[in-house]
Number of protein chains: 2
Amino acid sequence: MSLAESISQLRIGSGPEQEIARQQFAQFIQKKGLKQTQQRALVLEVFLGISGHLTVQELAEQMKTHEPNIGLTTVYRTLRLLVESGVAEERHFTDGQARFEVAKLGTHHDHLICTVCGNIFEFEDDEIEARQNKIATDRGMTIRRHRHEIYAECDSPNNCPNNSSTQTSSSS
Amino acid sequence: MSLAESISQLRIGSGPEQEIARQQFAQFIQKKGLKQTQQRALVLEVFLGISGHLTVQELAEQMKTHEPNIGLTTVYRTLRLLVESGVAEERHFTDGQARFEVAKLGTHHDHLICTVCGNIFEFEDDEIEARQNKIATDRGMTIRRHRHEIYAECDSPNNCPNNSSTQTSSSS
DNA sequence: CTATCTGCAAAGGTTTTGCAATGAC
DNA sequence: GTCATTGCAAAACCTTTGCAGATAG
C-alpha cells in the first residue's frame with residue numbers, strides 16, 4: 001500500500017523524541033479502546049516531521065502529498081486525539097485559526113512572533129519564569145500554565161526566511 | 001435624537017482615561033480622512049464603559065439596548081478601527097472568538113487568571129519587560145506589543161472576590 | 001462479526017464583503 | 001454634492017456533525 005510506504009518513509013530520519021511521541025499516542029489509543037489506522041499514523045508522522053506551528057490547513061496540504069484521499073475531517077479529529085494524548089498542543093494567536101505544535105514535555109517555550117513576515121520563533125527565559133512564579137505565589141496562587149507571546153518587527157528582513165511569501169496584508 | 005442622547009448619557013461618569021481614548025480615536029479618524037458618526041461614537045462609548053474582555057456579540061448586545069438598529073457589521077468594523085487606532089486590543093483565548101479590551105496606554109498590564117474562579121488579575125513586572133526587550137533585540141527585532149497570561153490556582157479561595165459566582169467584573 | 005473509523009456533504013458559528021440607501025463633511 | 005458609512009443579506013471562513021460505507025480488532 002502506498003499509504004503504508006509513505007508512513008515508513010516519513011519515519012526515516014526521526015529522532016528519539018518522535019519515538020516517544022509515537023509510543024505515547026499508541027498507548028493512548030489502546031487505553032481508550034480506539035483503533036490504530038493508517039490515516040492516524042500518517043497524520044502523526046507528518047505532524048512529527050514538521051517542526052513549527054501549523055494550521056490544520058497547512059497540515060492537511062502536507063498530508064495530501066502523501067495520500068490525496070485523506071479528508072480534512074480526519075485531520076481535525078486526529079489532531080484532537082493528539083492534543084488529548086498530550087502529543088500535540090493547540091494554540092491561538094491573533095488570527096482566528098488554531099495552530100498545533102509538538103508538545104515538548106517539560107520545556108516551556110514561549111513565542112516571539114514577527115508582525116512583518118508572520119514568522120514564529122521560540123524563546124525561553126529562566127528569569128521570566130522565576131518572576132512569574134513570584135507574581136503568582138505573592139498572591140497565594142499556584143501556576144498551572146502560562147502563555148507569553150511577543151509581537152515584534154524584524155529590523156532586517158533577512159532574519160525571516162519567508163518574508164517574501166505568505167504576506168498578511170498589513171500596512172501601518 | 002435618541003442615539004445622541006444615549007451617547008451623552010454614557011459619557012457621564014467617565015474618567016480621564018476615557019477622555020484620552022476619545023481624543024485618540026478622534027485624531028485617528030481625522031488623520032485617516034474618515035468620518036465621525038454616531039454609530040462609531042456609540043460603539044466607542046459602550047466599549048469604554050465596560051471594563052472587561054468582551055466578545056463582539058456581547059458588545060453588540062449592549063449596543064442594541066441603546067440603539068436597536070445598529071448592525072453587527074458596524075460593530076465589527078468600528079472595533080477594527082479601534083484596534084487600529086490603539087484604543088482597543090484584540091485577544092484570542094482558547095475558544096475561537098475574538099475578545100476586545102480597552103488598551104491602557106503606556107501601562108502594560110498582563111494577566112493572571114485564576115483557573116478555579118475565573119478571576120482575572122492584572123500584573124506588571126519591569127524585570128520581565130526588560131528581559132522581553134533583550135530577547136527581541138538580540139534577534140534584531142523591535143517589540144510592538146506582547147501578551148502574557150499566567151493561569152494559576154488560588155490556594156485560599158478567600159483571595160477571589162467572586163469565587164462563588166460567575167462574575168467577570170473587576171473591583172479596581 | 002462488531003464497533004470504530006473514514007470521507008463526503010451539510011450544518012454550525014464567527015467574521016467579512018457587496019451593494020443600495022443614508023449620512024457626514 | 002461628494003464620498004465615506006451604514007445595515008442588510010449573502011458569502012467566506014474555520015470547525016463540527018450526520019451518515020453510509022469501509023476497516024481494524
Side-chain angles (χ1 to χ4, degrees), chain A residues 1-4 7 25-44 53-61 63-64 66-85 88 90-100 166 168-170, chain B residues 1-4 7 25-44 53-61 63-64 66-85 88 90-100:
Chain A
M1 261 190 163
S2 70
L3 220 175
I7 295 169
F25 190 54
Q27 276 187 12
F28 175 84
I29 291 288
Q30 282 194 336
K31 209 175 63 184
K32 280 264 194 177
L34 306 178
K35 293 173 180 177
Q36 289 185 282
T37 66
Q38 302 217 316
Q39 285 91 336
R40 283 177 181 165
L42 181 59
V43 171
L44 175 61
H53 309 74
L54 295 166
T55 64
V56 174
Q57 308 292 337
E58 290 166 342
L59 210 47
E61 254 177 60
M63 227 69 82
K64 281 183 195 287
H66 298 285
E67 173 53 51
N69 274 355
I70 202 158
L72 236 194
T73 311
T74 302
V75 179
Y76 272 103
R77 287 193 275 227
T78 306
L79 238 12
R80 206 191 302 157
L81 291 177
L82 286 171
V83 171
E84 275 185 62
S85 71
E90 184 176 355
R91 324 194 127 264
H92 290 259
F93 295 113
T94 42
D95 55 359
Q97 254 169 114
R99 284 167 194 273
F100 295 85
T166 42
T168 47
S169 58
S170 67
Chain B
M1 260 194 164
S2 69
L3 219 176
I7 295 169
F25 189 54
Q27 276 186 12
F28 174 83
I29 291 287
Q30 284 194 335
K31 209 175 63 185
K32 278 264 195 177
L34 306 178
K35 293 174 180 176
Q36 288 185 283
T37 66
Q38 303 217 315
Q39 285 91 336
R40 283 177 182 165
L42 181 58
V43 172
L44 175 63
H53 309 75
L54 295 166
T55 65
V56 173
Q57 307 291 337
E58 289 166 343
L59 210 47
E61 255 176 58
M63 227 69 82
K64 282 183 194 285
H66 298 283
E67 173 52 50
N69 274 355
I70 201 157
L72 236 194
T73 311
T74 303
V75 179
Y76 272 102
R77 287 192 275 225
T78 307
L79 237 12
R80 207 191 301 156
L81 290 177
L82 287 171
V83 170
E84 275 185 62
S85 71
E90 184 175 355
R91 332 188 109 263
H92 287 259
F93 294 112
T94 41
D95 57 358
Q97 253 169 115
R99 284 166 195 275
F100 295 85

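Predicted model only: the values in this text are computed from it and were never measured. Just so it is clear: chains get the letters A, B, ... in the order the sequence lines come, proteins before strands, and each one is counted from 1. Note that these values count all heavy atoms, side chains included, but never hydrogens, waters or copies made by symmetry.
Taking 4.5 Å as the limit, some side-chain heavy atom of A:R40 sits within range of a side-chain heavy atom of A:I29. With a 4.5 Å cut-off on side-chain heavy atoms, B:T78 and B:L44 do not count as touching. Counting heavy atoms from C-beta on, the side chains of B:L81 and B:L34 come closer than 4.5 Å.
Every residue two or more places apart in sequence or in another chain that forms a side-chain hydrogen bond (donor to acceptor under 3.5 Å, both in side chains) with A:R99 is listed here: A:D95. Under the salt bridge (charged side-chain N to carboxylate O under 4.0 Å, His left out) criterion, B:R80 pairs with no residue, sequence neighbours left out. Evaluation of the ring pair (Phe, Tyr, Trp, His ring centres under 6.0 Å) rule for A:Y76 yields no partner, not counting sequence neighbours. Evaluation of the side-chain hydrogen bond (donor to acceptor under 3.5 Å, both in side chains) rule for A:E84 yields no partner, not counting sequence neighbours.
OP1 or OP2 of C:dT16 has not a single side-chain nitrogen or oxygen of B:Y76 nearer than 4.0 Å.
Put simply, CG on A:L59 is 14 Å from P on D:dC14, counting in whole angstrom units. In this structure, A:R80 atom CZ and C:dT6 atom P are separated by 12 Å, rounded to whole Å. The distance between atom NZ of A:K64 and atom P of C:dT6, rounded to the nearest whole Å, is 14 Å. Rounded to an integer number of Å, the gap from CD of B:Q57 to C1' of C:dT16 is 14 Å. B:R99 has its CZ atom 17 Å from the P atom of C:dG13, to the nearest Å. The interatomic distance linking A:K32 (NZ) with C:dA3 (C1') rounds to 16 Å, in whole Å. In this structure, CE of A:M63 is placed 11 Å from P of C:dG7, rounded to the nearest angstrom.
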At a cut-off of 3.5 Å, list every protein nitrogen or oxygen paired with a nitrogen or oxygen from nucleotides 3-7 of chain D, distance to 0.1 Å.
residue : atom : partner : partner atom : Å
D:dC3   : O2   : B:K35   : NZ           : 2.9
D:dT5   : OP1  : B:K35   : N            : 3.2
D:dT5   : OP1  : B:R40   : NH1          : 2.4
D:dT5   : OP1  : B:R40   : NH2          : 2.9
D:dT5   : O5'  : B:R40   : NH2          : 3.2
D:dT6   : OP1  : B:T37   : OG1          : 2.6
D:dT6   : O3'  : B:Q39   : NE2          : 3.1
D:dG7   : OP1  : B:Q39   : NE2          : 3.3
D:dG7   : OP1  : B:N69   : O            : 3.4
D:dG7   : OP2  : B:G71   : N            : 3.3
D:dG7   : OP2  : B:T74   : OG1          : 2.4
D:dG7   : N7   : B:R77   : NH2          : 2.8
D:dG7   : O6   : B:R77   : NH2          : 3.2

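The neighbour count for A:K32 NZ, taken as heavy atoms of other residues, nucleotides or ligands under 6.0 Å away, does not exceed 12.
The two residues B:E58 and B:H53 have their closest heavy-atom pair at OE1-O, 4.0 Å.
For the helix from C:dG13-D:dC13 to C:dC25-D:dG1, the terminal axes (five pairs an end, C1' atoms, rotation from four pairs onto the next four) enclose an angle of 30°, given to 10 degrees.
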